[in-house]
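Everything on this sheet refers to the single structure shown next.
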Amino acid sequence: VAAVLGISAHYHDAAAALVIDGNIVAAIQEERLSRVKNDASLPLRAARACLSIGGVAAGALDEIVFYENPYARLERVLVSLLRAYPRGLRQFPRAIGAQLGRKLWVLDELAEGLAVPRQRVTHGAHHRSHAASAFFCSPFERAAVLTVDGVGERASTEVWLGEGRDLTSLGAIDYPHSLGLFYAAITAYLGFEVNEGEYKVMGLAAFGEPRFREEFSRLLRLFPDGSFELDLGFFGFATDTELGFGPALEALLGPRRAPGRPWALGPGEPDQRWADVAATAQLVLEEAMLGLARRARALTGAASLCLAGGVALNAVANRRLQAEAGFEQVFVQPAAGDAGAALGAAVLAALARGDRRPAPLVSASLGAAIDDDDARSMARELGLATSNPDDWAGSVAELVEQGKVVALARGRFEWGPRALGQRSLLASPRDASMRERINRVVKRREPFRPFAPAVLAGDAASFFEGAPSLLTPFMTTVCQVLPAARPSLGATTHVDGSARVQTVTAGSSPELGEVLEALGRRGLPRAVLNTSLNGPGEPICASAADAIGFFVAHPVDALMVGNTLVRRPPR
Amino acid sequence: MEHELALPSPPPKKASRAAALAASGAEAPPPRPGAELRAAVARAVAPLAFGNTRRAARKLRGFARAEQGSMLDLRLAAARSPSAARRALYLRHALDEARHARMLARRAAEVEAGREPSGLSLDREPPDSPDDGERAGPEAPSSGSAAREGDVRADSEGLFEGLGEVGFLAFVYVGEGRGRAQFAAYSAYFGGRGDERMRAMFAALVEDEARHEAYTWRLLVELCGGERAARASVRRALRWEAWRTWRRAGKAIAELAYGALMGALYLLLWPLAVLVRRRLPERRGWGPGEEA
């Protein structure tokens, strides 16, 4: 019986997760509280918020566990820079400064920041933490586990066998050969921000043709045993960490795209070449992932697969793994990136202390709840028009039916990068014009980015092929929209006929479930466009103040925050 | 396009500092020589700071980052203040700062790209361009990603947590006063050059800064229990800020020295580099996994 706090930090997406007596009590990304997108700083706010939710004082924690080994990480950084000698000259002061200046002392910083004895602060291992976050949150007793990201202490990719309470490593591929870094370099090449723009590459890929296969076969070689190798002459991981690629890549694929320029896609349009590059990169990544998954299947003989690491957030690749890798079921926990490793580290430490394995994760609602009094008083102080409808879900459904865009902030906020109904923007999924309106006016983001539909799990088969599955509650896969359902999902069907569907049950997203039921009572299809409640470049809202701030600053029609409905006055 | 909801009790248009203070019900604090000195410096260096597109863009980006950082601190204050009324004021202020940051960043991108400004004002962001819309068939995306030029990255200084609410307010009050004086100087500079867009942008910023200065002074007086104590807190904020500037300067110098030393050290490590390449060659393909 233990209280364990897991922490990830200092690279991207810092997070804290609290496990008490084997139960996952809370898990929060620092960005939600600091309001800094992809905040990597030591997540003391998130840690304190988790402790507050769990009703535990920091001093009462049995263990605080950092998700990776900072000493092994330093060794790898040093060795990489020496291997790159003398090309690592520019990176050396920066990289070693970051390690010695802060990252190496993270365990001491945690002890000091949370005022706990240093001996209670320990560390795990990067890929083991990832693997634990996937396997121990899954419903499987036995599964192959694949962790694929940029880089951990040393490895970029690792295969595991998960059985009961154990995880056994079966092999790894080391940095610098990394699918995460490969995709990140292409993300930078296409003018997007690394660690943020990877979703955009995935969305853009559907607009292109994979006509650069030959060129990409020089960048990334795939082998029959599932392993892969990058041609490092095209990349610059040790010499230019911001871009991650070198002039040779531009010589091969053409000039990189300048960030921030408007997009013009279509035959003959100037940006089509970059869409084709995105399509090829996506296809090559999928094939590499399939090779890894087949290797994992061969090594373990398991019927199920768990995925973790940043690459596991590639929903399009996940669909192919589910369909083609030979596994019966695939599971990806909602915070599959580095944030999620905080949860894995905490679960591992709890298991090592003899606690039971957590129940399968069915809901991502692991953050802080909306404070209803705070919502009311904040809205009142700002002079906003509010009401408290008896049937809040019915009111939201009515607004959606009227073609309004409604912000919904109720319940505990989500764990991971997806808004799953607790901090969401909801709208009718029917007309494609709604996608245009939200992309251009509300979210102000690239117009090729699709929106997700949310449907009740029981209705999913009437809208999509292959839904529901273990992936669909957390939006970690895509499904083809059935032809008959396309007229009712015009705003959420991507150009290739797919949709990143979320299936909803009373257990997974109760708030969204109520809205969908209310839509059904109004005689409408039980489906809604669901996108995250945040403005461009901002983290998803967490508190009532965040939601009200969003409402004031963005042209949405209404906000349901807690039990308070805020309406925009008629113009 | 931005459609920010007009909250009740908007600031008076064309408000001077005195008018904003009068509207807030607070008496004006004595003028601070530091702020006026900064304004004089701003006037003097404006031709240099905005002398070419690269420097102008860098300057505007610097302002955008400062506004974004201020927004983050205000958001944290809006989450932490015990008073609902003050939380609402901080939130309102944070929204202004976010708008300023986007506007300045977008203007920086326009200046850098040599584009004509897109009609920015503080009340509205640029209208959608006429070529927005579906360009090559029903599934082809429209343009519009230029909006991303308004994204700004900054970090919070944790001022509310570090200084407490009074210290935080005093710091914000000082910063707003400085910003007002500086932006007024730039507005006058661009007015003199006949650059109406830039003049109007800075003039609009001055209005907001004056309003922020007024309300933070009023809150400071309230929280401190009188003007005398409020002035003392402002003096403390100025001292803290001077200390921070000193530390930042020291850090910048130390970083330069560190970079040079580490660069030299790296070059001296060539025997180790040779050893590493021989003894620890890069591993390809599958190998054993890593353990804790």
Side-chain angles (χ1 to χ4, degrees), chain A residues 34-36 69 79 82-83 85-86 88-89 92-93 96-97 123-125 127-128 152-155 158 169-174 176-177 207 223 225 227 229 260-267 269 377-378 381-383 440-441 444 446-448 495 536-537 543 545 548-549 551-553 555 568, chain B residues 1-5 7-9 72 75-76 78-79 84-85 87-88 91-92 94-95 98 109 128-129 132 135-152 155-156 258-259 262-263 266-267 269-270 272-273 276-277 280 282-292:
Chain A
S34 70
R35 311 308 301 155
V36 178
N69 181 340
V79 166
L82 288 171
R83 277 187 193 138
Y85 188 95
L89 177 63
F92 185 79
I96 297 300
H123 68 78
H127 281 271
R128 181 172 282 274
E153 290 91 346
R154 199 188 70 219
E158 196 153 352
S169 174
L170 301 176
I173 296 172
D174 279 0
H177 303 288
F207 288 90
F223 299 108
D225 67 354
S227 67
E229 195 176 304
R261 278 192 17 236
W263 283 86
L265 293 169
E269 292 285 359
S377 63
M378 182 70 85
E381 290 291 343
L382 288 170
R440 201 167 66 173
V441 181
R444 293 190 293 121
E446 292 78 4
F448 54 77
V495 64
S543 67
I548 291 170
F551 174 76
V552 171
R568 193 169 285 270
Chain B
M1 191 184 330
E2 185 152 345
H3 303 255
E4 195 153 306
L5 179 62
L7 292 167
S9 310
L72 293 171
R75 290 298 287 262
L76 294 175
R87 283 203 303 276
L91 179 62
R92 189 197 300 247
L95 294 173
D128 301 315
S129 63
D132 269 358
R135 305 187 105 203
E139 297 298 345
S142 61
S143 64
S145 66
R148 305 301 297 194
E149 290 171 350
D151 291 358
V152 192
D155 283 321
S156 154
Y258 164 84
M262 291 300 278
Y266 184 68
L267 294 174
L269 287 178
W270 68 266
L272 197 55
V276 162
R277 280 185 191 161
L280 295 170
E282 185 185 284
R283 197 178 75 186
R284 290 159 190 243
W286 292 107
E290 60 189 353
E291 294 293 346

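By convention in this document, chain letters (A, B, ...) are assigned in the order of the sequence lines, proteins followed by strands, and residues within each chain are numbered from 1.
Put simply, the side chain of A/R35 does not reach to within 4.5 Å of the side chain of B/S156, judged on heavy atoms.
Within the 4.5 angstrom heavy-atom criterion, atoms from both the backbone and the side chain of B/L269 approach chain A.
Interatomic distance, A/M378 CE to B/L91 CG, rounded to the nearest 0.5 Å: 5.0 Å. To the nearest 0.5 Å, atom CZ of residue B/R283 and atom NE2 of residue A/H177 are 10.0 Å apart. In this structure, CZ on B/R284 lies 12.5 Å from CD1 on A/I173, to the nearest 0.5 angstrom.
Among all heavy-atom pairs drawn from B/A84 and A/E381, the shortest one is O-CG, 3.7 Å. Closest approach of A/A172 to B/P288, counting heavy atoms only: CB-O, 3.9 Å.
Your options are B/G263, B/G259, B/A85, B/A79, and the one with the most heavy-atom pairs under 4.5 Å with chain A is B/A85. Annotation: maximal heavy-atom pairing with chain B below 4.5 Å, among A/S377, A/G88, A/S543, A/A545, occurs at A/G88. No other option in A/I96, A/L82, A/V79 has as many heavy-atom pairs under 4.5 Å with chain B as A/L82.
Side chain of B/W286 to backbone of A/D225: a donor-acceptor contact under 3.5 angstrom is found. The backbone N or O of A/R83 sits less than 3.5 Å from a side-chain atom of B/R277, completing a donor-acceptor pair. The backbone N or O of B/L267 lies less than 3.5 Å from a partner atom in the side chain of A/Y85, making a donor-acceptor pair. The backbone N or O of A/G97 sits less than 3.5 Å from a side-chain atom of B/Y258, completing a donor-acceptor pair.
Residues satisfying the salt bridge (charged side-chain N to carboxylate O under 4.0 Å, His left out) criterion with B/R87, sequence neighbours excluded, are A/D374.
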